[in-house]
2 protein chains.
Amino acid sequence: MAARDLQERIKKLIIDRRLASGAPLPTEPELMEHLGASRNSVREALKALQAMGIVEIRHGFGTYVGPMSLAPMIEGLAFRTVAGHYRGEDSLLQLLELREAVETGLVSRLAGRMPEADLLELDALVDRMDEQAARGAGLAETDRAFHATLYRGLDNVLLCEVLEAFWDAFHRVRTDLGGEPQDPKVTCRQHREILDAVRSGDSMRAEEAIREHFGNIRARLSTTPPQDPHARHNERV
Amino acid sequence: MAARDLQERIKKLIIDRRLASGAPLPTEPELMEHLGASRNSVREALKALQAMGIVEIRHGFGTYVGPMSLAPMIEGLAFRTVAGHYRGEDSLLQLLELREAVETGLVSRLAGRMPEADLLELDALVDRMDEQAARGAGLAETDRAFHATLYRGLDNVLLCEVLEAFWDAFHRVRTDLGGEPQDPKVTCRQHREILDAVRSGDSMRAEEAIREHFGNIRARLSTTPPQDPHARHNERV
DNA sequence: AGAGTCAGCTGCTCTAACCAACTGAGCTAG
DNA sequence: CTAGCTCAGTTGGTTAGAGCAGCTGACTCT
């Protein structure tokens, strides 16, 4: 009964003191006294809050208000997807479809409304993709940056974070599961098409470009049947 | 160093044994032996996993694989929003805009493609809203059901869960913050307009209807300045 | 046969001690 | 005098052992 309360009380403490991300929290002994609980209980509450990204604990240094990022959501989504995958569900496909549904809806909203600066940045990213594809390097990070920059035009930080979280979860699960990598050249071409469509202001074409991009990923996905987790080493779940 | 590992190893255990939601996990003593850690460390790991919704702990009964719902995400989003609000940010507005952006994008996709059964269900929900509005009752739950049923037509369970999570987070924060309630009659009319638009298959009109609905909520929001959290009792953060 | 009780599991909380990472003051060598 | 080291003190990390609290199921008494 006390445990759930402790978490709430620590959260309330953060709210009441208007603590911002990175602000120091009381030390464990101080919290023990303030909350009237044993060290053990305080630590369990902090661990739970840490898992939710509300608190950040640094060994030998102190406890701080966390970055409030969506990292825990990524963690949860990724685990849920991996677990479902190994139990024979098409959870990874669902995650991809989630991204597709949301992104196709959003991209039409920003066709023709992107600031020129962002368009130039996207140009540079696609160029880098080209260069990486030519060298045979992976372009995961560039792909992530492309999608992140694209939706920055919607001017909603939270929205961008959510989309990045979806990207992260999907990417992490796919690499964990040893999915077949994309053909870099095709991926490149598709990103350029998305960018061109958005620049031209043609919503329909932008939607179609996004849909084709995801269709490509989806095709690669369906060729990767569930594997035995024991066969893989050093797995991150 | 062991703590992070413990969580990973317990997750791996779930994956490796193909445990589904609700399946029983080893007891604490068993986990202690299996993982070679003390009771305390095992418990801290379990607490963290519980916070992520991966594990469910029932006092005097046992530990089970969690429902893998997005409840932790709601928790995190809600806290992040409340904390931001009290620190003067327009975090609640951002959350609303996130919902608006995603839902406007999605509603156009299902205009004219909804199964008749879902449309009838939505009819019933709007009727119930009317009835509740007439009695002066709150229609939060019905509103939630309306949005949930609406996007069920997209045939992606994960997507629906995400949207419901956004709804829950927003609703919870707004009630915690004591926001001004909507005018039930207006809300009702707007939901009926959304439904009509979707039924008619007119994507543009559906988008516009959703936008107007959110615009209404937004208007109510901006009249509610941040309050002092100490002034409110029994606050759920 | 049915209701109450108790023994046994389970997780929950506390105390007390020690380990490990980091900081900063003070000391030593150059 | 300064650069670097060392060490004491702080913080979180881990372990151990004891007792509390909720739940189940079998056993007993009516």
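The basis for the numbers below is simple: all heavy atoms, side chains too, and nothing from hydrogens, waters or symmetry mates. All values reported here derive from a predicted model rather than from experimental measurement. Sequence lines set the chain letters: A, B, ... in the order given, protein chains first and strands last, and positions in each chain run from 1.
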Heavy-atom nearest nucleotide on DNA chain C for B:Ile57 versus A:Ser41: which residue maps closer to 5'? B:Ile57

In whole angstroms, the gap separating P of D:dG13 from CG of B:Asp5 amounts to 14 Å

What is the distance, rounded to the nearest whole Å, between atom CD of A:Glu44 and atom P of D:dG13? 13 Å

Separation of A:Arg4 atom CZ from C:dC12 atom P, in whole Å? 11 Å

Cut-off 3.5 Å, side chains only: do B:Gln132 and B:Thr142 have a donor facing an acceptor? yes

Nearest-angstrom distance from the residue atom OH of B:Tyr64 to C1' of D:dG22: 13 Å

Looking at B:Phe214, is B:Arg99 sitting on its ring face, NZ or CZ under 6.0 Å from the six-membered ring centre and within 45 degrees of the normal? no

Are OP1 or OP2 of C:dT15 and a side-chain N or O of A:Ser38 less than 4.0 angstrom apart? no

From CZ of B:Arg58 over to P of D:dA21, roughly how many Å is that when rounded to an integer? 22 Å

Could you state the NE2-P distance from A:His59 to D:dT11, rounded to the nearest angstrom? 13 Å

Tell me which nucleotide among D:dT15, D:dC23, C:dG11 gets nearest to the side chain of B:Phe61. D:dC23

A:Arg58 charged N/C atom sitting above A:Tyr64 aromatic ring, 6.0 Å / 45°: yes

Nearest-nucleotide 5' precedence on DNA chain C, B:Leu25 against A:Gly36: B:Leu25

Mind checking if A:Arg43 touches a base, just sugar-phosphate, or nothing, with heavy atoms under 4.0 Å? base

Nearest whole angstrom, please: distance from the P of C:dG11 to the NZ of B:Lys47. 12 Å

Could you tell me whether B:Arg39 contacts a base, only the sugar-phosphate backbone, or nothing, with contacts defined as non-hydrogen atoms closer than 4.0 Å? base

Hey, does the side chain of A:Thr63 come within less than 4.0 Å of D:dG12's phosphate (OP1/OP2), counting only N and O? yes

Among the candidates D:dT14, D:dT15, D:dG12, find the nucleotide nearest to the side-chain atoms of B:Asn40. D:dT15

Distance-only donor-acceptor check, side chains B:Glu164 and B:Tyr151, under 3.5 Å: no

Would you indicate which nucleotide in D:dT15, C:dT13, D:dG12 comes nearest to any side-chain atom of B:Ala37? D:dT15

Could you tell me the separation between the CG atom of B:Leu49 and the C1' atom of C:dG11, rounded to a whole number of Å? 16 Å

Do other residues, nucleotides or ligands put more than 12 heavy atoms under 6.0 Å from A:Asp155 CG? no

